[in-house]
2 protein chains.
Amino acid sequence: MADVAALAGVSHQTVSRVLNDHPNVRAGTRDQVMEAIRQLGYRRNRAARALATSHSSTIGILTIGSEFFGPQSTVLAIEAAARAQGYFVTVTALDRYDAHSSTEALNHLVDQGVDGVVMVAPFEKVIDALDDAALKIPVVVVAARTTVPESDPAHYVYVDQREGARIATGHLLALGHRKIAHVSGPTGWFDATERQIGWQEKMLEAQAPVIEVPAESWLAPSGYEAGKRLVDSVRAGEVTAVFAANDYLATGILRAFWEAGVEVPTDVSVIGFDDLQISNFLIPSLTTVRQPFRDVGHAALTELLEGVTADKTPKVIAPTLVIRASTAPPKSQ
Amino acid sequence: MADVAALAGVSHQTVSRVLNDHPNVRAGTRDQVMEAIRQLGYRRNRAARALATSHSSTIGILTIGSEFFGPQSTVLAIEAAARAQGYFVTVTALDRYDAHSSTEALNHLVDQGVDGVVMVAPFEKVIDALDDAALKIPVVVVAARTTVPESDPAHYVYVDQREGARIATGHLLALGHRKIAHVSGPTGWFDATERQIGWQEKMLEAQAPVIEVPAESWLAPSGYEAGKRLVDSVRAGEVTAVFAANDYLATGILRAFWEAGVEVPTDVSVIGFDDLQISNFLIPSLTTVRQPFRDVGHAALTELLEGVTADKTPKVIAPTLVIRASTAPPKSQ
DNA sequence: CGATGCAATGTTAGCGCTAACAATTTGTGA
DNA sequence: TCACAAATTGTTAGCGCTAACATTGCATCG
């Protein structure tokens, strides 16, 4: 910076002012400084800047360390939004889905000196890390946590999972189904809980039976297992439709039904959640609930940057139904 | 740090020494300092440290801003490896797959003051950004660039795409296929080029015909289009097997064949590349080539951290064949 | 024409840490 | 016991930037 100042014939402080868009700099001076910067290929040292200003223009993202569609998409969206705002993004992934691992990851981010943290890890234990850390920086949690205690300092942003489940279930009910099983996501995940509640609410409203098949994970193998368990019920006419907690599970279910010779949607309808890139190309193409992850990412960043002033009401984003070929009216008995 | 020093009854420099594991500190002193740190909940300021040492313990990852399986998996693997080494990871995604966007992203990372960059964006234009930037920090590129000019300062780490394609093609040839079409990935991507070359090499060695159907993108819709174009050839017996450049494309192809009533693997075999989470649950389950992304991530980080001393020979990692139900011998005419 | 005010620039003092050197303590052998 | 080396600790000086205050220059007005 001293070199730039010398070349431009000004003091280093004037260079600093130009760089920080300070108003009281004459246009001519500014141009000289800019030209000097260009000639020297000067780049401001961010460490020094961070030291002097005591903020880093960096936000931390805590995410789960697996190839899950939703969190991954959200992280990308947050990164894009942050970059547009001139922020840097430091990502830390979780080794395991427990409180200890979450606390460790959170500390790692805080050590980095981030100005704020977005947690994209929608399982319940991650909340414990918040309590443990007692942070002095703003935190946004992307998770459908509907009951947040007053004491919780975090802001919440999420897609309305419960409503998504209600939409999915409503779609099946509207087609004439009443025997709708739910292959629910693993315990301990907000999304799984909310989707289960939304489905159950809707079923009770319709006075329809509640048939739940819990899956052990979010992934296709668990869906496949659940599908196999459902085959007999479908053949017996006890289940005419399945609401899977996500599209991976739905893929496994479709596979299990196909192996058993159960036809979708003739014998049974299947609906998923997420809308994966390949959901439209499954056999049959999968009706599902789409989540606007880009909006989530954008909302999360906005909430983080303006959050200190704003109210703590959760920002809730609506999902949409995507109707494809895996759902149809039940066959008449 | 001054507070810690005061509480421990030592100088701030001794605290610094404890923190940096300097050998010449008496055990008792070290314990006192650690205790003071604990009591005060002290955290070292990384900006100040970075300023004093002029390195940030942060590595930058440049990646593509989409939900592509391979790059995403690689990024996660690098992050995990970096965290294990005490490094922070700053991620920047690309808006578009061109040189300008790449240069911008790279500059964004350099501005951040990273100690090194890993580029996980295996399209050819990204290389131009390297030339433009003329970096003074180490760079590792995760891309199957087989001909690297001497002048290129970057280190390369990649899965042997060409060999993967040879394995896939060899598998089909071994089953008795000779009319093997390749649905190739979009132009401008190293992986697409290499897979095409591997397939072509193997076909020429076997003196088999070379039938290529280029796809416009890496995604299922392009595979679907390619599949539709292949249906007639399959019916005419001109194509008995398809090697898709990745599993998304293969999913679209399977779908197109299913719609046309072309049965896999009875009428035609299909093999993919990547091994997605759901590839085993497609109908039929997809034979594919698996890439060990975790190894790639690990190798990339090692190369980055030790790269200055090491030779510049690319680190090449071998893929493996995963045989499932989508490939079978051709039906006898 | 001098006093006044404001815009533009310069000067100084840290931000919290580490590197380099200085000073002190401790241990060792003659 | 003392000289000397080694281990341990302390002191000083930045790293490159920004904040706060000081100074200069210039226009405006009575």
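Since we're looking at a predicted model, the values are computed, not measured. Chain letters run A, B, ... following the sequence lines, proteins first, then strands; residues in each count from 1.
Although no hydrogens or angles enter the test, the distance criterion places no donor-acceptor pair under 3.5 Å between the side chain of B/Thr29 and the main chain of B/Val25. Within the 3.5 Å criterion, the main-chain N or O of B/Val148 finds no donor-acceptor partner in the side chain of B/Asp152. For A/Lys315 (side chain) and A/Thr313 (main-chain N/O), a donor-acceptor pair under 3.5 Å exists by modelled atom type. With A/Thr58 contributing its side chain and A/Ser56 its backbone, the two residues share a donor-acceptor pair below 3.5 Å. Side-chain atoms of B/Thr53 come within 3.5 Å of backbone N or O of B/His55 as a donor-acceptor pair. Although no hydrogens or angles enter the test, the distance criterion places no donor-acceptor pair under 3.5 Å between the side chain of A/Thr92 and the main chain of A/Leu62. A donor-acceptor pair is defined here as one N or O able to donate and one able to accept, closer than 3.5 Å; such a pair exists between the side chain of B/Asp115 and the backbone of B/Ser57. No side-chain donor-acceptor contact under 3.5 Å links A/Ser101 to the backbone of A/Tyr97.
Relative ring orientation between A/Phe88 and B/His108 is described as parallel, the plane-to-plane angle staying below 30° on a 0-90° scale split at 30° and 60°. Ring pair A/Trp218/A/Trp189 is perpendicular by interplanar angle, where above 60° counts as perpendicular and below 30° as parallel.
Going from atom NE2 of B/His22 over to atom C1' of D/dT9 covers 10 Å, rounded to whole Å. Put simply, CE on A/Met1 is 4 Å from P on D/dT18, counting in whole angstrom units. Between B/Arg17 atom CZ and C/dG16 atom P the separation is 21 Å, expressed in whole Å. Distance B/Asn20 CG to C/dT18 P: 5 Å, rounded to the nearest Å. Between the P atom of D/dT11 and the NE2 atom of B/His12 lies a distance of 8 Å, rounded to the nearest Å. In this structure, A/Leu40 atom CG and D/dG16 atom P are separated by 14 Å, rounded to whole Å. Separating the CZ atom of A/Arg30 from the C1' atom of C/dA8 is a distance of 12 Å, rounded to the nearest angstrom. The CD-C1' distance, from A/Gln112 to C/dC17, rounds to 16 Å in whole Å.
Nearest nucleotide to the side chain of B/Leu51, out of C/dG16, C/dT18, D/dC17: C/dG16. With D/dC17, C/dG10, D/dT11 as the candidates, the nucleotide lying closest to the side chain of A/Ala52 is D/dC17. Comparing C/dT9, D/dA19, D/dT9 by their nearest atom to the side chain of B/Thr29 picks out D/dT9.
For DNA chain D, the neighbouring residues in residues 53-60 of chain A, judged by any heavy atom under 4.0 Å, are A/Thr53.
Between its two ends, the helix from C/dC1-D/dG30 to C/dA30-D/dT1 turns its axis by 40°, counting five pairs per end and rounding to 10 degrees.
Between B/Phe293 and B/Phe69, the distance separating the two ring centers is shorter than 6.0 angstrom.
For the pair A/Val10 and B/Gln13, both in contact range of DNA chain C, the more 5′-proximal nearest nucleotide belongs to A/Val10. The 5' end of DNA chain D is approached more closely, in terms of each residue's nearest nucleotide, by B/Pro23 than by the other of B/Pro23 and A/Arg44. When each of A/Ser16 and B/Asn24 is assigned the nucleotide of DNA chain D with its nearest heavy atom, B/Asn24 is the one assigned upstream, toward the 5' end.
For the OP1/OP2 pair of D/dT8 and a distance below 4.0 Å, the side-chain nitrogens and oxygens of B/Thr14 include no atom meeting the criterion.
The line from CG of B/Leu19 to CZ of B/Arg43 is 12.0 Å long, rounded to the nearest 0.5 Å.
Backbone-only engagement by A/Asn45 is indicated by non-hydrogen atom pairs under 4.0 Å involving sugar-phosphate atoms exclusively.
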Encode nucleotides 23-28 of chain C as B, S and - characters from 5' to 3', where the letter depends on protein heavy atoms closer than 4.0 Å: B to the base, S only to sugar-phosphate, - to neither. ------
